[in-house]
Amino acid sequence: MKNIFCEVTSDPLDISRYVELVADPGAGAISTFTGVTRNNFQGKTVIKLDYEAYTPMALKKLQELAHQVTNKWSVCKVAIAHRVGTVLVGEPSVIIAVSSAHRRESLEAVHWAIDELKASVPIWKKEFFEDGSVWKENEESRRLLAQPPAGGAVAAAVVAGAAEGGAAGAGGGR
Amino acid sequence: MQIKVLYFAKSREVAGVNEQTFELGDGAHTEDLLAQIIAAHPALDSVMKTCVFALNQEYVRPQDKEALKDGDEVAIIPPLSGG
């Protein structure tokens with residue numbers, strides 16, 4: 001579908017690019033979420049985050065996610081981008097942009113999409129402090145261990161529909 | 001049959017490899033593969049308790065004993081931390 005754009009890239013993310021990608025004459029609202037590297041965690045100074053992805057599957061899951069947004073809400077366009085590699089303090093690691101005729105749909109969709117991304121897209125980050133590092137764990141992703149997987153056939157059908165919308169960036173994972 | 005295994009995040013660091021091919025007998029399933037992975041990397045024993053697999057890019061739990069076939073790609077998926 002032409003109204004979905006997803007990418008996993010090692011390039012810095014520029015929010016204006018994704019706002020432009022979801023621009024639509026029929027849209028009265030463009031809502032965005034930007035996740036950025038914070039300079040502290042539980043009182044410790046954070047230097048940087050290193051992200052890695054299972055890139056082909058991450059892209060597939062982002063496309064499924066974007067497709068689900070278009071099924072759940074009446075929206076015009078959806079763009080989701082996740083960066084891999086080193087992301088310094090203040091830099092964006094993830095951007096979600098959704099356009100819709102009215103504000104409620106795109107606001108709700110962006111909120112849902114970031115929660116779902118954290119639960120289901122195979123991307124990992126390591127947090128670096130002055131005196132060490134740790135692999136982070138999203139609370140949301142515990143459902144993968146707890147639940148039997150959802151039906152593969154349904155997911156495959158969604159991917160087939162969404163596949164032409166994506167482009168993989170270079171670098172980062174495999 | 002040959003199964004390609006990809007390691008990510010903590011599992012990659014603890015195993016010290018990015019990917020590896022395992023040879024399994026006919027009829028093997030995901031729990032058999034898990035046992036082979038841990039045999040090859042005993043240090044992964046506790047890490048694997050927090051991981052699931054992605055079998056050809058679909059999530060499965062090793063204990064669900066999904067059937068494997070020659071040429072399958074299985075990724076080890078530690079707790080996610082994207083975003």
Side-chain angles (χ1 to χ4, degrees), chain A residues 8 33-36 49-62 64 80 82-84 93-96 113-127 133-156 159 173-174, chain B residues 2-22 29-31 33-35 37-38 41 43-69 71-83:
Chain A
V8 175
F33 173 82
T34 305
V36 298
L49 299 175
D50 272 2
Y51 284 85
E52 70 180 67
Y54 179 15
T55 302
M57 182 174 171
L59 196 55
K60 185 177 117 167
K61 287 287 168 192
L62 288 179
E64 285 179 18
I80 311 177
H82 205 299
R83 191 172 171 191
V84 289
S93 54
V94 59
I95 292 177
I96 299 173
I114 183 59
D115 288 352
E116 192 63 19
L117 182 154
K118 291 174 86 83
S120 66
V121 180
I123 297 176
W124 299 269
K125 63 173 164 266
K126 195 173 194 184
E127 196 167 51
S133 61
V134 63
W135 287 102
K136 304 290 283 183
E137 299 185 6
N138 294 341
E139 190 82 26
E140 297 88 344
S141 83
R142 290 188 188 165
R143 76 176 194 211
L144 291 179
L145 275 173
Q147 286 177 356
V154 175
V159 174
R174 287 180 297 261
Chain B
Q2 292 201 325
I3 305 295
K4 183 177 169 187
V5 174
L6 308 179
Y7 297 79
F8 289 100
K10 192 170 190 177
S11 70
R12 174 179 55 73
E13 283 191 349
V14 171
V17 292
N18 291 330
E19 62 178 79
Q20 211 170 14
T21 300
F22 284 87
H29 54 65
T30 48
E31 208 169 50
L33 178 63
L34 175 65
I37 291 169
I38 292 172
H41 307 281
L44 277 181
D45 191 19
S46 64
V47 175
M48 291 307 296
K49 289 179 172 53
T50 67
C51 295
V52 297
F53 284 159
L55 169 56
N56 300 324
Q57 301 185 19
E58 290 295 337
Y59 292 118
V60 300
R61 300 180 306 173
Q63 67 267 31
D64 290 332
K65 301 186 180 181
E66 292 284 334
L68 297 171
K69 63 181 188 309
D72 278 347
E73 180 176 280
V74 174
I76 298 175
I77 307 289
L80 306 178
S81 47

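Values below: every heavy atom of this structure, side chains too, minus hydrogens, waters and symmetry copies. All chains are named by letter (A, B, ...) in the order of the sequence lines, taking the proteins before the strands, and each is independently numbered beginning at 1.
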Check: side chain to side chain contact (heavy atoms under 4.5 Å, CB included) between Lys126(A) and Lys10(B): does it pass, once the steps are laid out?
Finding: CA-CA 9 Å; Lys126(A) 195 173 194 184; Lys10(B) 192 170 190 177; over 6 Å; no
Note to self: Is there a side chain to side chain contact (heavy atoms under 4.5 Å, CB included) between Tyr59(B) and Met57(A)? Walk through the geometry before answering.
What the structure shows: CA-CA 10 Å; Tyr59(B) 292 118; Met57(A) 182 174 171; 3.4 Å; yes
Next item on the list: For the pair Val121(A) and Leu80(B), evaluate side chain to side chain contact (heavy atoms under 4.5 Å, CB included) and give the outcome as yes or no after the intermediate values.
Entry: CA-CA 7 Å; Val121(A) 180; Leu80(B) 306 178; 5.7 Å; no
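A ring-ring contact (aromatic ring centres under 6.0 Å, His included) with Phe8(B) is found for exactly one of Trp135(A), Tyr54(A), Tyr51(A), namely Tyr54(A).
Note that the CD atom of Glu52(A) and the CG atom of Asn18(B) stand 8.5 Å from one another [nearest 0.5 Å].
Each of Ala58(A), Pro122(A), Gly35(A) has some count of heavy-atom pairs under 4.5 Å with chain B, and the biggest count is that of Pro122(A). Ranking Cys51(B), Ala54(B), Pro78(B) against chain A, the residue ahead of the rest is Pro78(B), based on heavy-atom pairs under 4.5 Å.
The closest donor-acceptor contact from the side chain of Lys125(A) to the backbone of Ser81(B) lies under 3.5 Å. A donor-acceptor pair under 3.5 Å links the side-chain atoms of Ser93(A) to the main chain of Gly83(B), judged by distance alone. With hydrogens and angles ignored, the 3.5 Å screen pairs a side-chain donor or acceptor of Asn138(A) with a backbone N or O of Gly82(B).
For a residue to count as touching a neighbouring chain, one of its non-hydrogen atoms must lie under 4.5 Å from one of that chain's; by this rule Ala119(A) touches chain B with the backbone only.
Closest approach of Leu145(A) and Thr50(B) over heavy atoms only: CD1-O, 3.6 Å.
Within the 4.5 Å cutoff, the side chain of Gln57(B) has heavy atoms near those of the Pro56(A) side chain.
The residues Glu58(B) and Lys60(A) are annotated as salt-bridged, a charged nitrogen and a carboxylate oxygen being separated by less than 4.0 angstrom.
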